[in-house]
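Notes for the one structure printed next.
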Amino acid sequence: MEELQGGRKGQIFRSNTMIYRPRGKWSETIHCLLSHIAKRGFHAAPQPYGFDGKGNEMLSYIDGDVFNYPLKGRIATTQALTSAAKLLRLYHDASSSFLSKYSNETLAWPLPSREPMEVVCHGDYAPYNVSLSGSETVGIIDFDTAHPAPRVWDIAYAVYCWAPFKTHEYDAMGNIESQSIRAKQFCDAYGLLDVDRRVLVKAMTDRIQALVDHMHNEASNGNQAFIENIEDGHHLAYRADIQYVKIHEPYITNILLGESVYNK
Ligand SMILES: Nc1ncnc2c1ncn2[C@@H]1O[C@H](COP(=O)(O)OP(=O)(O)O)[C@@H](O)[C@H]1O
Ligand SMILES: [Mg+2]
């Protein structure tokens with residue numbers, strides 16, 4: 001068994017073509033979702049292989065290279081960004097029929113659902129949760145924050161992470177102009193409607209706030225990972241990012257609604 005880096009320490013392992021990750025209360029729902037999207041022709045996510053009886057879920061290994069912040073090299077290219085957006089669109093479209101097939105009451109999700117439940121959001125569609133072949137985004141991993149919600153809810157968080165509208169010196173890249181252009185390129189490649197673009201910045205601040213609230217809730221329930229996140233000041237970085245995005249809301253929205261910059 002080989003321990004994998006880039007996620008929780010000492011908890012994610014690979015043996016040949018199989019990945020072993022800690023099982024959650026929601027893992028059966030996620031496995032059902034992963035089978036469903038594969039049947040609908042979406043093959044860029046792991047295949048589920050059940051549970052090992054030692055507290056782990058088993059998933060197929062997705063080929064490709066995985067990166068993390070700071071965004072440098074292939075993961076920072078326009079190609080990685082726009083192919084990630086197109087892949088998210090295909091995933092969302094494949095996920096929507098899952099919600100009509102199963103009643104939401106029978107499903108256990110890691111995060112609360114939000115109306116209107118258009119798709120199953122990935123919930124953490126950041127550069128560290130995709131795999132690349134060259135500079136092309138070809139795989140999606142880590143569905144442990146998936147939950148039904150509007151498309152724009154997932155895109156808001158993805159754009160926040162990919163633009164990236166992050167102010168911490170470790171995660172930051174570019175300036176408000178280049179970040180807004182990347183945000184628009186993501187929306188163009190996804191095919192996001194203007195009606196959603198108008199509310200995207202508000203959805204972004206709501207989504208980051210929901211994450212901060214979730215961190216505090218989990219920490220007060222004794223979740224060690226979130227207790228450490230708060231000790232390390234992650235919630236302060238998110239709050240600073242909310243302020244940054246709020247200040248620039250008119251500018252970002254204007255760019256999002258402007259002429260296409262896709263392929264530039
Ligand atoms: N199905 C998979 N295929 C390929 N690599 C994977 C897969 N699942 C996880 N990994 C690798 O393991 C690392 C951590 O996995 P991840 O599931 O994101 O952990 P966490 O849930 O702790 O964030 C990823 O960065 C990636 O390199
Ligand atoms: Mg991860």
Side-chain angles (χ1 to χ4, degrees), residues 1-38 42-52 54-76 80 83-84 87-88 90-91 94-95 108-111 120-147 154 157-158 160-162 164 166 170-171 207 211 214-215 218-219 223-230 232 234 238:
M1 286 268 206
E2 174 202 355
E3 184 186 331
L4 297 177
Q5 308 302 319
R8 286 161 288 177
K9 283 204 172 50
Q11 299 199 50
I12 322 288
F13 293 91
R14 174 184 175 186
S15 174
N16 298 318
T17 57
M18 202 66 82
I19 295 285
Y20 296 79
R21 303 174 74 249
R23 178 181 187 159
K25 291 184 202 113
W26 51 82
S27 296
E28 281 178 34
T29 296
I30 303 296
H31 284 208
C32 212
L33 168 71
L34 294 174
S35 299
H36 179 89
I37 58 176
F42 187 84
H43 300 297
Q47 283 284 319
Y49 282 92
F51 304 94
D52 70 355
K54 297 177 196 161
N56 295 306
E57 63 167 346
M58 297 188 291
L59 300 167
S60 65
Y61 175 79
I62 290 275
D63 273 332
D65 306 315
V66 181
F67 296 78
N68 208 333
Y69 293 99
L71 305 184
K72 288 196 176 121
R74 287 182 280 142
I75 192 69
S83 51
L87 200 59
L88 183 64
L90 293 176
Y91 160 69
S95 81
W109 297 107
L111 292 179
V120 180
C121 293
H122 177 277
D124 191 10
Y125 197 68
Y128 48 74
N129 276 332
V130 300
S131 68
L132 299 192
S133 169
S135 295
E136 188 79 6
T137 302
V138 293
I140 309 182
I141 59 169
D142 192 356
F143 285 74
D144 272 350
T145 45
H147 58 292
D154 217 13
Y157 192 72
Y160 163 60
C161 294
W162 282 89
K166 287 182 180 269
Y170 187 81
D171 299 331
R207 178 65 186 86
L211 173 60
H214 179 68
M215 288 172 74
E218 288 292 312
N223 185 326
Q224 198 53 40
F226 285 96
I227 291 170
E228 283 168 24
N229 278 346
I230 288 175
D232 292 343
H234 290 196
Y238 289 126

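For ligands, and for the atoms within them, numbers begin at 1 and follow the listed sequence. Given the structure is predicted, the values throughout are model-derived calculations rather than measurements.
Every atom of ligand 1 is numbered from 1 in the order shown, and the set under 4.0 Å from a heavy atom of G7 is 14 (C), 19 (O), 20 (P), 22 (O), 23 (O). For ligand 1, the atoms lying closer than 4.0 Å to a non-hydrogen atom of S60 are 1 (N), 2 (C). Each of the following atoms of ligand 1 lies closer than 4.0 Å to a heavy atom of V66: 25 (O), 26 (C), 27 (O). Of all atoms in ligand 1, numbered sequentially from 1 with element shown, those under 4.0 Å from a heavy atom of N129 are 18 (O). Under a 4.0 Å criterion applied to the non-hydrogen atoms of L4, ligand 1 contributes the atoms 10 (N), 11 (C), 12 (O). Listed by atom number, the atoms of ligand 1 under 4.0 Å from P46 heavy atoms are 1 (N). For ligand 1, the atoms closer than 4.0 angstrom to any heavy atom of R8 are 20 (P), 21 (O), 22 (O).
Put simply, the side chain of I12 reaches to within 4.5 Å of the side chain of I19, judged on heavy atoms.
Counting protein heavy atoms only, atom 13 (C) of ligand 1 is closest to Q5 O, 3.2 Å. The shortest contact between atom 3 (N) of ligand 1 and any protein heavy atom is with I62 N, 2.7 Å. If you check which protein heavy atom lies closest to atom 20 (P) of ligand 1, you get D142 OD2, 3.5 Å. Atom 6 (C) of ligand 1 has as its closest protein heavy atom I19 CD1, 3.8 Å.
The backbone N or O of E57 lies less than 3.5 Å from no partner atom in the side chain of S27, so there is not a single donor-acceptor pair. In this structure a side-chain-to-backbone donor-acceptor pair under 3.5 Å is missing from N229 to H234. In this structure a side-chain-to-backbone donor-acceptor pair under 3.5 Å is present from R207 to G123.
For atom 21 (O) of ligand 1, the candidate residues are R14, E57, R21; the nearest heavy-atom contact is made by R21. The heavy atom nearest to atom 24 (C) of ligand 1, out of those in D124, I12, I141, is found in I141. Distances from atom 5 (N) of ligand 1 to the heavy atoms of Y61, Y128, Y20, F67 put Y61 nearest.
Taking the six-membered ring where the residue is Trp, the centroids of F51 and H31 are separated by under 6.0 Å. Checked against a 6.0 Å centroid threshold, the rings of Y160 and Y125 do not count as neighbours.
Here the OH-OG distance, from Y61 to S131, works out to 7.5 Å after rounding to the nearest 0.5 Å. Atom CG of residue L87 and atom CD of residue E136 lie 9.0 Å apart, to the nearest 0.5 angstrom.
An N or O contact shorter than 3.5 Å is missing between D144 and ligand 1 by distance.
Looking at D142 and R21, a side-chain N of the basic residue comes within less than 4.0 Å of a carboxylate O on the acidic one, giving a salt bridge. Salt bridge absent: E3 and K9 never bring a charged side-chain N and a carboxylate O closer than 4.0 Å.
Using a cut-off of 2.8 Å, one finds that Y128 contributes no N/O/S atom close to the Mg ion (ligand 2). Among the atoms of D124, no N, O or S atom falls under 2.8 Å of the Mg ion (ligand 2).
Heavy-atom contacts from other residues, nucleotides or ligands closer than 6.0 Å to CG of N16 number 12 or fewer.
If you look at D142 and ask which of its N, O or S atoms sits nearest the Mg ion (ligand 2), the answer is OD2.
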